[in-house]
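For ligands, and for the atoms within them, numbers begin at 1 and follow the listed sequence.
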Amino acid sequence: MMSLSRHNFLKRLVREQKVGALMGSLLKEIRNGGHSVADTESKAGLGGGVEDVYGEDCATEDQVLTPWTASVASGYTLLRDPHYNKGLAFTEKERDAHYLRGLLPPAILTQELQEKKLVQNLRQYEVPLHRYIAMMDLQERNEGLFYKLLIDNVEELLPVVYTPTVGEACQKYGSIFRHPQGLYISLREKGKILEVLKNWPERGIQVIVVTDGERILGLGDLGCQGMGIPVGKLSLYTALGGVPPSACLPITIDVGTNNEKLLNDEFYIGIKQKRATGQEYAELLEEFMTAVKQNYGEKVLVQFEDFANHNAFELLSKYSKTHLVFNDDIQGTASVVLAGLISSLKLLGGQLADHTFLFLGAGEAGTGIAELIALEISKKTNAPLEETRKKVWLVDSKGLIVKSRIGSLQHFKKPWAHDHEPIKELVDAVKAIKPTVLIGTSGVGKTFTREVVETMASLNEKPLILALSNPTSQSECTAEEAYAWTKGRAIFASGSPFDPVEYEKKLLVPGQANNAYIFPGFGLGLIMAGAIRVHDDMLLAASEALAAQVTQENYDKGMIYPPFTNIRKISANIAAKVAAKVYELGLASNLPRPKYLVKYAESCMYSPLYRSYR
Ligand SMILES: O=C([O-])CC(=O)C(=O)O
Ligand SMILES: [Mg+2]
C-alpha cells in the first residue's frame with residue numbers, strides 16, 4: 001500500500017534527480033499511476049494501470065519509443081514552476097544552489113509574510129471576479145502559497161474560488177482566460193483520448209473531476225467554459241480534504257454547447273457547434289471512461305460534476321458498476337443535506353421518520369437527497385424503502401409529482417409519484433402536504449416567495465428551510481427573507497453562502513448546505529482505503545460523520561452545520577468513517593486496514609508549507 005505522503009516523497013525524489021539504482025523502479029512506479037511495481041506486476045491487478053505505459057522496457061530495436069526524462073528545475077524554470085516556486089521566500093542558500101541569483105530582488109520573505117501581503121491585496125479588490133482572477137494567477141504561480149492562503153482563510157476565500165464567484169467566472173471564462181487549467185477533451189480528440197491523458201504532466205492521479213458543462217450550477221449550459229467547476233472543486237479537494245494537488249486532474253469534455261450566446265461569442269473557448277447527443281455522446285464518454293481506467297487503474301476516483309439530469313443519472317448508473325465513480329450533484333448533495341437533517345433533529349426534536357419533506361425541484365439534487373433520506377429512515381426503522389419514500393414529496397415545473405402523472409414522468413421521478421390529487425403551485429402543495437422541511441433544488445431563484453415561507457411558518461414552530469440552488473442569484477430565497485418571513489423562527493441553510501443576519505437584536509447564523517463539506521473528505525476516505533466501488537452506505541457514513549461534528553455552541557447559534565474554519569479536521573473524520581465503511585463492505589484494496597483511521601487520514605493530508613531545497 002502506498003500512502004499519499006509517500007507518493008509525494010517518491011515524486012520529489014525523482015524530480016530532484018536522486019539517481020542511482022532506485023531510479024528505474026521509481027520511474028516505473030510513478031508512470032504506473034502511483035501503484036507499486038509489485039501491485040501491477042500481474043498486468044491487470046486490482047491496482048490497475050498499464051505496466052510499462054510507454055513501452056520503453058519491452059520495445060525491440062525496430063520499435064519507436066517515447067523519450068522520457070526527469071530533470072531538476074532550476075533558475076528561471078524553477079521560478080515558473082508553480083509546484084516548486086516560492087518566490088521571494090527562496091533563502092540565500094537556495095538562491096545560490098538553484099541558479100536564482102539576480103532573478104529575484106534581494107528581499108527574503110517568509111511564507112507567512114507573503115500570505116499577509118496577498119490577503120491585503122485581495123481585500124483591495126472590490127469586484128469578486130477580480131479576486132477570483134488574482135487567486136487563479138496565484139495558483140498558476142505558486143501552488144504552496146495558494147493553498148496556504150486558501151486553507152488559512154477558508155471562510156473568506158471559499159466564496160471566491162467556489163460558489164458564487166466561480167459561476168460568474170465560468171460565464172466569462174473566455175474573456176478572462178489566461179493560463180489553461182485542466183485537460184480539455186473535445187469531439188476532436190475522439191479516438192485519441194488515451195493519448196490526451198498522457199499529455200497531462202502528472203502520473204499519480206487519484207481524483208478526476210469531470211464536467212461536460214451542460215448544467216453549470218443553476219446557470220445552465222456553459223459548454224467548455226464549465227472548466228472553472230472541476231478546477232474549483234479540485235482546489236477544494238486539496239485545501240479541504242488534503243488530496244495533493246499533483247494527484248488531482250480537472251477535465252472538461254466538450255461536445256459543443258446549445259448556449260446561443262456562447263456560440264456567438266468571439267472569445268468562446270470551446271468548439272462552436274450544437275451539443276452532440278445520443279450515440280455520438282455515449283461513445284465519447286465510453287472512450288473516456290475506458291481510457292481513464294487504462295491509464296490510471298481501478299482506484300482512480302471519477303467525480304461527475306454539473307452534467308444535465310439525463311446524462312448524470314445514466315452515466316452514474318452505467319459506470320458505478322465498473323468504475324470508482326461518484327456524482328457530486330446527486331450523491332454529494334444528498335449526503336450533505338442528510339447530515340444537516342440529522343443534526344437539525346437536535347433543534348427540532350423527534351426522529352427523521354417523524355418529519356415530512358417537500359422539495360421544489362426533482363432533478364439530480366432533489367431526487368438524490370430524497371432517496372438518501374428514505375434510505376436512512378428505512379435503515380433506522382426497518383421499514384421498506386417503498387414505505388419510507390412516502391415521507392418525501394417533490395414538486396417539479398409541472399406541479400406536485402403524483403400517481404396520475406406517472407406515464408409522463410422521467411424514470412428518476414417515478415419513485416416519488418404518490419397518491420394525491422394534482423396540485424400546480426408550490427404554495428398549495430405546502431398547504432396540502434404540510435411539510436416540516438422545505439428544500440429548494442430547482443436551480444431557479446426567488447421561488448420561495450413570502451407566501452410560501454409564511455405558510456411554512458404557520459405550520460411549524462421551527463420551519464426548516466433549505467434553499468440549495470447555486471449560485472446566490474439562483475437561491476430560492478435569501479437568509480434575510482427566511483428569517484424575516486418566519487419572524488426569526490426558521491432554521492435556514494443555503495447552497496451558496498449568506499452572511500449572518502441580525503433579527504430583533506439576535507444574531508442568526510445561516511448554514512451553508514454545500515457538498516463541499518462532503519466530497520473532499522469522502523474522496524479522501526475512498527483513496528485511503530483503495531476503494532474500488534462507491535456504495536450508498538458510504539454516503540450515509542459521511543452524513544453521520546458530518547452531523548457528529550456539529551457542537552452545542554453551533555446549535556446555540558441555530559447552526560446545523562459546523563463552520564468551515566475546521567474543515568480539515570471535519571474532512572479527516574469523514575474520511576475515516578467512509579474508509580471504515582469501505583473496509584467493512586470488503587471494497588477496500590489497501591490492506592491491511594490502518595488501525596487509527598482519523599490519524600491515518602490526517603497523516604495523508606497535503607501540507608502547503610514550503611519545503612527546503614537541497
Ligand atoms: O458547486 C456547488 O456549489 C454545489 C454544486 O455542486 C452545484 O451547485 O452544482
Ligand atoms: Mg455541482
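A pairwise comparison of heavy atoms in H355 and V437 identifies ND1-CG2, 4.4 Å as the closest pair.
Within the coordination shell of the Mg ion (ligand 2), defined by N, O or S atoms under 2.8 Å, D306 is present.
No more than 12 heavy atoms of other residues, nucleotides or ligands lie within 6.0 Å of CD in E480, so this atom counts as exposed by the packing criterion. Applying the 6.0 Å contact sphere to CZ of F267 captures no more than 12 heavy atoms from other residues, nucleotides or ligands.
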**Request:** Any chance you could lay out the salt bridge (charged side-chain N to carboxylate O under 4.0 Å, His left out) test for K148 and D152, step after step, and finish with the verdict?
**Result:** CA-CA 6 Å; K148 178 144 175 42; D152 292 344; 2.6 Å; yes
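The OD1 atom of D329 and the OE2 atom of E305 subtend an angle of 100° at the Mg ion (ligand 2), given to the nearest 10 degrees.
Contacts classified as ring-ring contact (aromatic ring centres under 6.0 Å, His included) and involving residues 126-183 (residues at least two apart or in different chains) are given here: Y147-Y606.
Aromatic ring centres of Y517 and F564: separated by under 6.0 Å.
Contact residues of ligand 1 (protein heavy atom closer than 4.0 angstrom to a ligand atom; sorted by chain and number): Y162, T163, R215, L217, K233, E305, D306, D328, D329, N470, N514, N515.
Below 30°, between 30° and 60°, or above 60°: for Y319 and F304 the angle between ring planes is between 30° and 60°, a tilted geometry.
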